[in-house]
There are 2 protein chains.
Amino acid sequence: MSAPVILLVEDEPSQRAVLSYNLKAEGFDVVEAVDGEEALLLASEAQPDLCLLDWMLPHVSGLEVCRRLKSGKQTRELPIIMLSARSEELDKVRGLETGADDYMVKPYSVAELIARVRKELRRTRPAALGEELVYEDILLDAASHRVSRAGHNIKLGPTEFRLLACFLEAQGRVLSREQLLDRVWGRDIYVDTRTVDVHIGRLRKALMQHGGGDPLRTVRGAGYALG
Amino acid sequence: MSAPVILLVEDEPSQRAVLSYNLKAEGFDVVEAVDGEEALLLASEAQPDLCLLDWMLPHVSGLEVCRRLKSGKQTRELPIIMLSARSEELDKVRGLETGADDYMVKPYSVAELIARVRKELRRTRPAALGEELVYEDILLDAASHRVSRAGHNIKLGPTEFRLLACFLEAQGRVLSREQLLDRVWGRDIYVDTRTVDVHIGRLRKALMQHGGGDPLRTVRGAGYALG
DNA sequence: TGGTTTTGTGACAGAAACATAACAGTTTTA
DNA sequence: TAAAACTGTTATGTTTCTGTCACAAAACCA
């Protein structure tokens, strides 16, 4: 499973370097933007999982970037943590009003920032953080890379493991073959779309090896879903 | 018990502020010095448990401070972690054998710095954390540097020892080769990632020399895990 | 129903990931 | 200072996984 991607928007180079380095050390992928323009561009292009947004930016203010991200269709769901140098309560209120999901005042504890990042990602990318994912009698422990069903241990190849993690993260939503290729294989890998079918088959077989019904649902013309 | 006191020697105010803030956030008491003079004074006066020492200092260099601390009777036992801006200097620091207990190159991961601080403190203030790591019949005693399995003493090389300690600390989580290289070999050492495999093999052999199954699990495409 | 589209699946060859032994250079130990 | 222990790399063998294809089965549609 790919590491969560964090969009870091901060104009001051040294601040940016420190944050970037520490985020990378925690295992995140970091995409950096130096101003609002670039931030908005990368937000839709790099498909980040979370955005760290500085309040003070040249040209377009952080507040404005936040507002635009939250009103854009593609980027509405992107969690945003605002970083501000000032502690005035008014700023905080305004930040959260604009739709930011959290707010931190500089100077902040890096440990606390990381903790808040994790808190936001826990909602959207639980598998990437090493959480336990459950659906009925199926249990996937991302940290120890283990899967079991009704108590029986189940051995999965890397691809099937990621596939199952996707379905568990998607919470029953239907995922198209294209979406699965993106998330499981990666964005710029070219493989035949029918290959997904084969791996779905393998995943099904593995999950049913100790009995139990088929937990995967084929949605003709659309893709697959869990449950 | 009172919190460990850390003597932070760093002349640049912003760097000092960041470090101080983060250390305090982790529950340490911080005493700050801006140059070598003050550092030497505070080292004997404030009775710190550990010293974070910047390489570049006005007047008296960090290297010189380190040397003096290590030759002073009262301060000889004070653990020192040197902070250096560039990796070339790191070599010098190492080569000159200043007596520092650990080194970090800027920019560093705050999480890693904290981890190293704890590591040093564990030696000098062992009451802080439990020293024995256990998994099933495997026992690692960090204080005496001993490992045993099912009662049999097991002799491990330094690398295998650290490797096993990592797995015991990770509590069953999968560790990637990169993570292991970071933790066992160090962040800025270049070693082929395949080398990890070899040492895993050696560790396995050592752990199984008196019988018993393989406690290490290979997670294809991801890394290794204990149990 | 018959034809058409979509999905399921077994087989297979090639690729990738991993295990292990051997080796040469280095460091530590006695 | 010689011997022993340790390290990182390389080469080779082994296992496991992948992606594609071909054909079978199922679902859909008129």
Side-chain angles (χ1 to χ4, degrees), chain A residues 1 145 147 153-167 174-209 213-226, chain B residues 91 94-95 97 145-147 153-167 174-209 213-226:
Chain A
M1 195 147 4
H145 248 259
V147 175
N153 228 53
I154 288 179
K155 189 172 156 296
L156 293 180
T159 307
E160 281 76 51
F161 184 88
R162 287 195 298 263
L163 206 46
L164 178 58
C166 270
F167 284 117
V174 175
L175 296 171
S176 70
R177 290 175 173 71
E178 286 73 20
Q179 284 175 311
L180 289 169
L181 282 176
D182 266 15
R183 301 191 193 185
V184 173
W185 278 262
R187 282 241 271 168
D188 30 44
I189 306 285
Y190 172 72
V191 280
D192 193 292
T193 155
R194 290 302 314 282
T195 299
V196 175
D197 298 30
V198 177
H199 282 278
I200 289 282
R202 286 169 182 162
L203 179 55
R204 277 182 168 140
K205 197 164 154 188
L207 288 174
M208 295 195 287
Q209 67 187 307
D214 184 354
L216 293 176
R217 190 159 45 96
T218 301
V219 183
R220 195 181 166 85
Y224 299 92
L226 184 62
Chain B
D91 295 336
R94 276 200 184 126
E97 286 175 6
H145 235 254
R146 284 217 162 134
V147 175
N153 225 52
I154 287 179
K155 190 173 157 301
L156 292 180
T159 307
E160 280 76 51
F161 183 87
R162 269 174 286 162
L163 205 46
L164 179 58
C166 272
F167 284 117
V174 173
L175 298 172
S176 70
R177 283 164 230 277
E178 287 74 19
Q179 284 175 314
L180 289 169
L181 281 176
D182 266 15
R183 300 189 193 187
V184 173
W185 278 262
R187 178 161 285 266
D188 33 48
I189 307 286
Y190 173 71
V191 181
D192 192 288
T193 153
R194 293 266 120 234
T195 299
V196 175
D197 299 28
V198 177
H199 283 278
I200 289 282
R202 287 168 182 162
L203 178 55
R204 275 183 169 140
K205 199 164 153 187
L207 289 174
M208 294 195 288
Q209 66 187 308
D214 184 354
L216 293 176
R217 186 161 48 100
T218 302
V219 182
R220 179 169 265 253
Y224 299 92
L226 183 62

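Per chain, numbering begins at 1; letters A, B, ... match sequence-line order.
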A:Lys205 side chain, from C-beta outward: closest of C:dG10, D:dT18, C:dT9: C:dG10
Whole-Å distance between C:dC18 P and B:Leu180 CG? 12 Å
Axis-to-axis angle for the helix from C:dT1-D:dA30 to C:dA30-D:dT1, ends of five pairs each, to 10°, equals 30°
N/O (side chain, A:Trp185) to phosphate O (OP1/OP2, D:dG19) under 4.0 Å: yes
Roughly, in whole Å, what's the span from CG in A:Leu156 to C1' in D:dT16? 14 Å
Just call it for B:Val219: base, sugar-phosphate, or nothing, with non-hydrogen atoms closer than 4.0 Å on any strand. sugar-phosphate
Once you round it to whole Å, what is the distance between P of C:dT7 and CG of A:Leu216? 14 Å
Rounded to the nearest 0.5 Å, how far apart are CD1 of B:Ile200 and CZ of B:Arg202? 11.5 Å
Using salt bridge (charged side-chain N to carboxylate O under 4.0 Å, His left out) as the criterion, list what pairs up with B:Asp197, not counting sequence neighbours. B:Arg177, B:Arg194
Those residues at least two apart in sequence (or on a different chain) that pass side-chain contact (heavy atoms from CB on, under 4.5 Å) with A:Arg220 are none
When the ring planes of A:His145 and A:Phe161 are compared, do they come out parallel, tilted or perpendicular, using 30° and 60° as the limits? parallel
Could you tell me whether B:Phe161 contacts a base, only the sugar-phosphate backbone, or nothing, with contacts defined as non-hydrogen atoms closer than 4.0 Å? nothing
At less than 4.0 Å, is any side-chain N or O atom of B:Lys155 found next to OP1 or OP2 of D:dA4? Yes or no. no
Strictly distance-based, threshold 3.5 Å: is any side-chain N or O of A:Arg162 a donor or acceptor partner for the main-chain N or O of A:Val184? yes
Could you give the distance from CG (A:Leu181) to CG (A:Asp192), rounded to the nearest 0.5 Å? 8.5 Å
Give me the distances for all protein-to-nucleotides 28-30 of chain C N/O pairs that come in under 3.5 Å?
none

In this structure, how many angstroms lie between the C1' atom of C:dA19 and the CZ atom of B:Arg217, rounded? 18 Å
Positive for side-chain contact (heavy atoms from CB on, under 4.5 Å) with B:Leu216, one of B:Leu163, B:Leu164, B:Leu203: B:Leu203
Any side-chain heavy atom of B:Leu175 within less than 4.5 Å of one from B:Arg183? yes
Give the B/S/- string for nucleotides 20-27 of chain D, one per nucleotide from 5' to 3', where a protein heavy atom under 4.0 Å of the base yields B, of only the sugar-phosphate yields S, and otherwise -. BB-----B
Which heavy-atom pair separates A:Leu180 from A:Cys166 by the least distance, and what is that distance? CD2-CB, 4.3 Å
Check: A:Thr218 and A:Arg204 side chains under 4.5 Å, non-hydrogen atoms: yes
Rounded to whole Å, please give me the gap between CG in A:Asp197 and P in C:dT6. 12 Å
Closer to the 5' end of DNA chain C via nearest nucleotide, is it A:Thr218 or B:Ile200? A:Thr218
Any residue meeting side-chain hydrogen bond (donor to acceptor under 3.5 Å, both in side chains) with A:Thr195, in chain and number order, not counting sequence neighbours: none
